[in-house]
Amino acid sequence: MSSSNNYLSKFSIGGLLITLGIIYGDIGTSPIYVMRAIVGEHTITEDLVLGAVSCVFWTLILITTIKYVILALNNDNHGEGGIFALYALLRRYKIKWAIVPALIGCAALIADGFITPSISISSAVEGLNSIDSLNVEINTVPIVVIILIALFTFQQFGTKVIGSLFGPVMIVWFIMIGFWGFLSILENPIVLKALNPKYAIDLLTKYEKGFWLLGGVFLCTTGAEALYSDLGHCGKKNVRIGWIFISIMLMINYLGQASFLLDHEGSTLQTGESPFYSIMPEWFLPAGVIIATMATIIASQALITGSFTLVNEAMKLKLWTNLKVIYPSNIKGQIYIPAINWFLLAGCLTVVFLFRESANMENAYGLSIIFNMLMTTVLLTMLMLVRRINLLYVISFVVIYLFIEGLFLIANLSKFSHGGWFTVMLASVLFFVLWLYYAGTKL
C-alpha cells in the first residue's frame with residue numbers, strides 16, 4: 001500500500017474532508033428526490049408519510065450501515081474495495097464462477113452511471129421552479145445539458161484545482177439539509193414515531209399497493225455501493241466515522257420532509273412540487289438551489305471518477321480491452337479514460353433528452369443498481385464460506401440480505417416499462433461485451 005493510502009487508512013480531519021468530498025455525494029443528495037418519488041401522486045396520509053420515512057430509515061440502517069459500512073468494508077483487497085476487489089479475493093481461492101456476478105455487478109454499476117448525474121443535477125436545478133418570486137416556469141433541460149457538458153469536458157484537466165473545495169461544499173450541504181430538516185421536525189415532532197419499524201411493516205403489508213413503494217424507497221441507498229467501491233481513495237476509518245455524521249443529517253432531513261407532508265394531509269403533491277425545497281423558506285431558496293446544484297455536481301464527479309477506477313481495475317484483471325489511460329494530476333488514484341468519459345456523457349445526455357424531468361428519471365433509476373447489490377451479497381457470501389466463517393453467521397447474512405434485496409428487486413421490476421428498460425438494456429449489452437472479451441481472452 002502506498003504512503004498516500006497509509007495516510008488515508010488512518011482517521012484524520014484531512015482524510016475525513018477528502019472522504020466527504022469523494023464518496024458521499026450520491027447517497028448524500030438522495031433527499032432531493034426520494035420522498036417525492038415515494039409519495040408520487042398518492043393522497044398524503046399519516047400512514048403513507050410515517051411508513052415511507054420509516055422504510056427509508058431502516059433501509060439506511062440495514063443495507064447502507066450494516067451491510068456496507070460495517071460488513072463489506074472489512075473485505076478489502078490491499079485497501080481497495082468494490083465488486084472487483086471481491087472477485088480478486090475469490091480468484092485466489094480458484095472460485096472460477098465468481099467472474100459471472102463480478103461482470104454483472106460491473107455492468108450494472110456503469111449503467112447506473114448514466115442515470116445518477118442526470119437525475120441528481122436535474123432534480124437540483126428544477127428547484128428554480130420552486131422560487132415563486134421568479135413568476136415564470138423555467139425549462140431546466142438546457143441548463144442541465146450545459147452543466148453536464150461542462151462537467152465531462154472538465155474531466156481531462158483533473159480535479160486537483162477544485163478537488164479541495166469538494167469536502168467543504170459537502171459539509172455546507174449536509175449542515176444545510178440537517179438545519180432545515182430540524183426546524184421542520186419542530187413543527188411536527190410526531191414524525192419521530194416513524195423510527196419504529198412497525199410503520200414500515202404496516203406500509204408494506206396494509207397500505208394499498210404499499211409494497212410497490214419500495215421502488216421509491218430504494219433510491220435512498222443507491223449510493224451505498226460507492227462507500228465500498230471508493231474505499232481505496234479514502235480508507236475504512238474515514239468512511240465509517242464520516243457516515244455517523246452523514247446518516248444523522250440525512251435522517252433529520254427525511255424526517256423534516258415528512259413533517260412538511262403531514263401538514264398537507266389529504267392533498268397530493270402538485271406537478272414539480274418538491275418536499276425537499278418546500279421545507280426551506282422562500283428567501284433561502286435561491287441559495288438552496290445553488291448549494292444543491294453544487295452538491296449534485298460533486299456527486300456526479302464522484303460517480304465519474306468511480307467509473308474510471310472500475311474500468312481501470314477491469315483492464316488490470318484482463319476483463320476489459322485496453323483503453324488509453326491519462327493521469328491528469330499527481331493525486332494518487334486520479335485517472336482519466338477519454339473513451340469512458342465521452343461514452344458516459346453521451347449516455348447522460350440521452351437520459352436527459354429521453355426523460356426530460358427528474359420525476360420521469362426516477363422510474364428508470366434503481367433497477368440496475370439492485371443487481372449490483374445482489375451480486376455483492378453473493379460474492380461476500382462466497383468469500384465468507386471459503387474463509388470458513390461461522391456457518392450460522394453466513395446463513396443468517398445470506399438469508400437476510402437476499403430476502404431484503406429480493407424484495408427491492410421485485411418492487412423495482414415495476415419500473416421496467418416506465419423507463420427501467422433503459423438501464424437494464426444498457427447493463428445487459430455491457431455484460432455481454434464483457435463476457436465475450438473474457439471468453440475470448442480465455443481462448
Side-chain angles (χ1 to χ4, degrees), residues 21-30 32-33 37 109-129 138-159 161-163 165-166 169-170 173 219 222-223 226 230 272 274 276 288-311 326 328 334-366 368-369 419 422-423 425-427 430:
I22 292 178
I23 68 169
Y24 288 116
D26 189 1
I27 200 164
T29 51
S30 298
I32 303 177
Y33 49 79
L109 205 59
I110 293 174
D112 180 60
F114 286 78
I115 298 282
T116 302
S118 311
I119 189 174
S120 299
I121 294 173
S122 294
S123 56
V125 173
E126 284 165 12
L128 290 169
N129 288 320
I138 298 173
N139 178 9
T140 56
V141 171
I143 301 172
V144 174
V145 168
I146 290 168
I147 291 173
L148 284 170
I149 291 173
L151 176 65
F152 282 94
T153 302
F154 186 79
Q155 297 304 311
Q156 60 195 298
F157 305 111
T159 55
V161 179
I162 61 169
L165 294 174
F166 284 3
V169 168
M170 292 311 291
W173 163 257
L219 301 183
T222 48
D230 287 335
S274 164
F276 174 77
V289 172
I290 291 170
I291 295 170
T293 303
M294 290 173 69
T296 54
I297 290 171
I298 291 170
S300 303
Q301 173 62 57
L303 189 133
I304 296 164
T305 304
S307 297
F308 293 159
T309 304
L310 190 71
V311 171
I326 297 170
Q334 188 168 120
I335 57 174
Y336 169 64
I337 305 178
I340 299 301
N341 186 65
W342 304 122
F343 179 57
L344 285 174
L345 173 60
C348 287
L349 293 178
T350 301
V351 167
V352 172
F353 288 120
L354 191 63
F355 297 103
R356 312 288 300 178
E357 297 177 3
S358 61
N360 299 329
M361 295 175 200
E362 287 159 10
N363 289 320
Y365 194 34
S368 69
I369 201 68
F422 181 81
T423 48
M425 177 188 71
L426 189 62
L430 285 168

Could you measure the distance from the OG atom of Ser307 to the CG atom of Leu344? Nearest 0.5 Å is fine. 5.0 Å
Apply side chain to side chain contact (heavy atoms under 4.5 Å, CB included) to Ile143 and list each qualifying residue two or more places apart in sequence or on a separate chain. Val125, Leu128, Ile138, Ile147
Please enumerate all residues that pass side chain to side chain contact (heavy atoms under 4.5 Å, CB included) together with Thr153, with sequence neighbours excluded. Ile149, Gln156, Trp342
Test side-chain contact (heavy atoms from CB on, under 4.5 Å) applied to Met361 and Leu354, Thr116, Ile119, the passing residue: Ile119
Who are the ring pair (Phe, Tyr, Trp, His ring centres under 6.0 Å) partners of Phe276, not counting sequence neighbours? Trp173
OG1 (Thr296) and CG (Leu303) are apart, to the nearest 0.5 Å, by 12.5 Å
Residues two or more places apart in sequence or in another chain: which of them pass side chain to side chain contact (heavy atoms under 4.5 Å, CB included) with Ser300? Pro117, Ile121, Leu151
Tell me every residue that passes ring pair (Phe, Tyr, Trp, His ring centres under 6.0 Å) with Phe152, counting only those two or more places apart in sequence or in another chain. none
Verdict with reasoning, Leu345 to Asn341, per side chain to side chain contact (heavy atoms under 4.5 Å, CB included): CA-CA 6 Å; Leu345 173 60; Asn341 186 65; 5.7 Å; no
Please enumerate all residues that pass side chain to side chain donor-acceptor pair (under 3.5 Å) together with Thr222, with sequence neighbours excluded. Tyr365
Rounding to 0.5 Å, atoms OH (Tyr33) and OG (Ser274) come to a distance of 12.0 Å
Of all residues at least two apart in sequence or in a different chain, which pass the side chain to side chain contact (heavy atoms under 4.5 Å, CB included) check with Ile298? Phe166, Val169, Met170
CG on Asn139 to CD on Glu357, rounded to 0.5 Å: 9.0 Å
Measure the CG-OG distance between Leu349 and Ser118 for me, rounded to the nearest 0.5 Å. 7.5 Å
Please tell me if the side chains of Thr423 and Phe114 come closer than 4.5 Å, counting only heavy atoms from C-beta onward. no
Straight-line distance of Asp26 CG to Asp112 CG, nearest 0.5 Å: 6.5 Å
Using modelled atom types and a 3.5 Å cut-off, is there a donor and acceptor pairing between side-chain atoms of Glu126 and backbone atoms of Ser358? yes
Results of ring pair (Phe, Tyr, Trp, His ring centres under 6.0 Å) for Phe355 - residues two or more places apart only: none
